[in-house]
Amino acid sequence: MPASPRPEPSPRPESAGPAALSSARATSRSGPAPATVFRNVRPCGARRPVDLTVVDGVVTAEPAPHGAEVVDCGGGIALPTLVDAHIHPDKTAWGEPWASRKPASSLAEYTAEDVRLYRALKTPVGERAERLMGHAVTRGTRAMRAHVDVAPVYGLEGVEGVGSAREALRHALDVEIVAFPQHGVVRTPGTRELLEEAARSGAVDRVGGIDPAGFDGALDEQLDIVFGIADRHGVGVDIHLHERAATGLASLRAVIDRTRALSLQGRVTVSHVFCVPGLTGRDLDELASALAGAGISLTTVAPSSDLVLPVDRLREHGVEVGLGSDGVRDGWSPFGDADMLHRSHLLARVRDARLDEELEAAFRTGADGGARLMGLPEADLEPGSPADFLLVRGECLPQVVVDLPQRELVVRGGRIVARDGALVGG
């Protein structure tokens, strides 16, 4: 399906944390980016190459100032860098020795696998997270929302580790951190207090929850706790919702009600939302309108054709939808690569994309959808746009989504932060 028209932006941006300060973080380590001319480049696959002039990290239509650096891009395609709206970098075994996984089929069994892998890995969380997050930058990710496990077995070690990785990569990557109670808020004593501590400390931008009815078995109690913490400490909310059918819809409507009651419009996300893909017609339209009215955004990781969100239909109603990697080589799965261009490719495949506009729409979900969800400016490479782009060889954007060429350059705020798959600068 062709990309739907963009509705008017919400008057209240969703981002409530450090990731909203996109250009500030991009230049805070080494000062403003120097003036640079990226010569002979094809923005978004344009047929004819042009010169992109960047001053203070922003694309400009003005002539390049004297002494500007010149980077010849050789006719390559410049595409907006992407946003990973849902990833778990604290869990990753990326770059570690191979870890064999045991059978698991329930949330409780998967969380037990998380703990087993956590205890088996010798590399500290911060080092593993930084390794994966840096890899994501080299593949063209400019921002991510990191869900970090908070439970008595971990304490706040994951929050601290991902926080240190965020600081190390702040020249190249915006990161929001979610304190995520993977083991349940109510069913695991001590988790509530850890969520409160994480939010109070200012170390996280959001607090999360998981399947309040199906896993915690306490829909109202869990949501009251999570939304209460968010309200007291001025952070956002991001709820994992794997529940399906009527159970999931009841939980989703409870989230909508609390968002309105606490005036948290624009600061609440629901991830996965497996109860939505089965809806059609008026049922889908009514729910989408309610979500848009409450300013609630959604994320999908495009797991399969029957569980991927109906992105276009939701966008028609004004619901922002982001795309994410989810887990990357963790206790849940040996798969994943933190490559958001690849994830856009997967979104196109599970949605059976065939037309050019369908392939482009999948890319735009990974780039523009995630940017809107995190309150970042869209990097459309027009004058006034942040100079955030990746450079690839190819014919056009749809072909790039299909073929996944090497990222030759990744540019952040006008500075080259990765070249040929390796980080540079910092």
Side-chain angles (χ1 to χ4, degrees), residues 85-88 103-114 147 178 180-188 208-224 226-227 237-259 268-292 294 296-315 317 319-327 330-333 335-336 343 346-347 349-352 365 373:
H86 187 104
I87 186 171
H88 295 265
S105 58
S106 67
L107 278 176
E109 290 172 342
Y110 279 114
T111 57
E113 274 292 283
D114 283 335
H147 294 260
V178 183
F180 173 51
Q182 177 75 78
H183 295 195
V185 178
V186 177
R187 67 183 282 153
T188 305
I210 181 170
D211 295 350
F215 186 57
D216 245 349
L219 190 156
D220 289 328
E221 184 179 2
Q222 186 205 105
L223 294 182
D224 286 347
V226 171
F227 276 82
V237 174
D238 195 322
I239 304 282
H240 281 55
L241 192 61
H242 310 95
E243 298 166 355
R244 306 190 193 188
T247 301
L249 290 173
S251 294
L252 188 54
R253 291 190 179 102
V255 169
I256 293 171
D257 291 343
R258 283 165 175 78
T259 301
V268 174
T269 299
V270 185
S271 297
H272 303 304
V273 215
F274 292 159
C275 58
V276 170
L279 297 179
T280 58
R282 180 178 297 177
D283 290 340
L284 177 56
D285 290 338
E286 290 178 351
L287 181 63
S289 294
L291 290 166
I296 294 173
S297 60
L298 307 179
T299 60
T300 184
V301 300
S304 62
S305 59
D306 61 324
L307 293 178
V308 67
L309 289 173
V311 179
D312 295 337
R313 191 74 167 271
L314 291 164
R315 286 286 298 137
H317 288 275
V319 181
E320 302 295 358
V321 181
L323 180 66
S325 294
D326 207 9
D330 58 15
W332 291 55
S333 172
F335 294 102
R343 185 60 54 168
L346 293 175
L347 175 62
R349 292 199 69 167
V350 300
R351 299 189 68 205
D352 198 25
T365 299
L373 183 142

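In this chain, numbering begins with 1 at the start of the sequence shown. As the structure is a prediction and not an experimental result, all values here were calculated from the model.
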Residue pair [X] / [Y], side-chain heavy-atom distance below 4.5 Å:
X	Y	value
Val270	Leu291	no
His272	His86	yes
Val237	Ile239	yes
Asp312	Arg351	yes
Asp220	Pro212	no
Pro310	Val276	yes
Asp114	Trp332	yes

Is it the case that the side chain of [X] and the backbone of [Y] share a donor-acceptor pair, with hydrogens and angles ignored and the cut-off at 3.5 Å?
X	Y	result
Glu221	Val186	no
Ser289	Glu286	no
Asp216	Ala218	no

Taking all non-hydrogen atoms of both residues, which atom of [X] and which atom of [Y] are closest, and how far apart?
X	Y	result
Tyr110	Ala104	OH-O, 3.2 Å
Asp306	Ser304	OD1-OG, 2.5 Å
Gln182	Phe215	O-CE2, 3.4 Å
Thr247	Ala213	CG2-CB, 4.0 Å
Gly208	Val178	N-CG1, 3.8 Å
Ser251	Leu219	OG-CD1, 3.5 Å

Rounded to the nearest 0.5 Å, what separation is found between the [atom1] atom of [X] and the [atom2] atom of [Y]?
X	Y	atom1	atom2	answer
Leu373	Leu298	CG	CG	8.5 Å
Ile296	Arg258	CD1	CZ	11.5 Å
Thr280	Asp285	OG1	CG	9.5 Å
Thr299	Glu320	OG1	CD	12.5 Å
Ser297	Asp238	OG	CG	7.0 Å
Leu252	Leu287	CG	CG	5.0 Å

Could you point out which residue of His240, Gln222, His242 forms a side chain to side chain donor-acceptor pair (under 3.5 Å) with Asp211?
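Between Asp211 and the candidates, side chain to side chain donor-acceptor pair (under 3.5 Å) is satisfied uniquely by His242.
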
Check this for me: Asp352, atom CG, are more than 12 non-hydrogen atoms of other residues, nucleotides or ligands nearer than 6.0 Å?
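Incorrect, the count does not exceed 12.
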
So Leu346 and Arg343, side chain to side chain contact (heavy atoms under 4.5 Å, CB included) or not? Walk me through it.
CA-CA 5 Å; Leu346 293 175; Arg343 185 60 54 168; 4.0 Å; yes

How far apart are the C-alpha atoms of Val350 and Leu307, what are their side-chain angles, what is the distance that settles it, and do they pass the side chain to side chain contact (heavy atoms under 4.5 Å, CB included) test?
CA-CA 9 Å; Val350 300; Leu307 293 178; over 6 Å; no

Audit row: Leu323, Val311, side chain to side chain contact (heavy atoms under 4.5 Å, CB included) steps and yes/no
CA-CA 10 Å; Leu323 180 66; Val311 179; over 6 Å; no

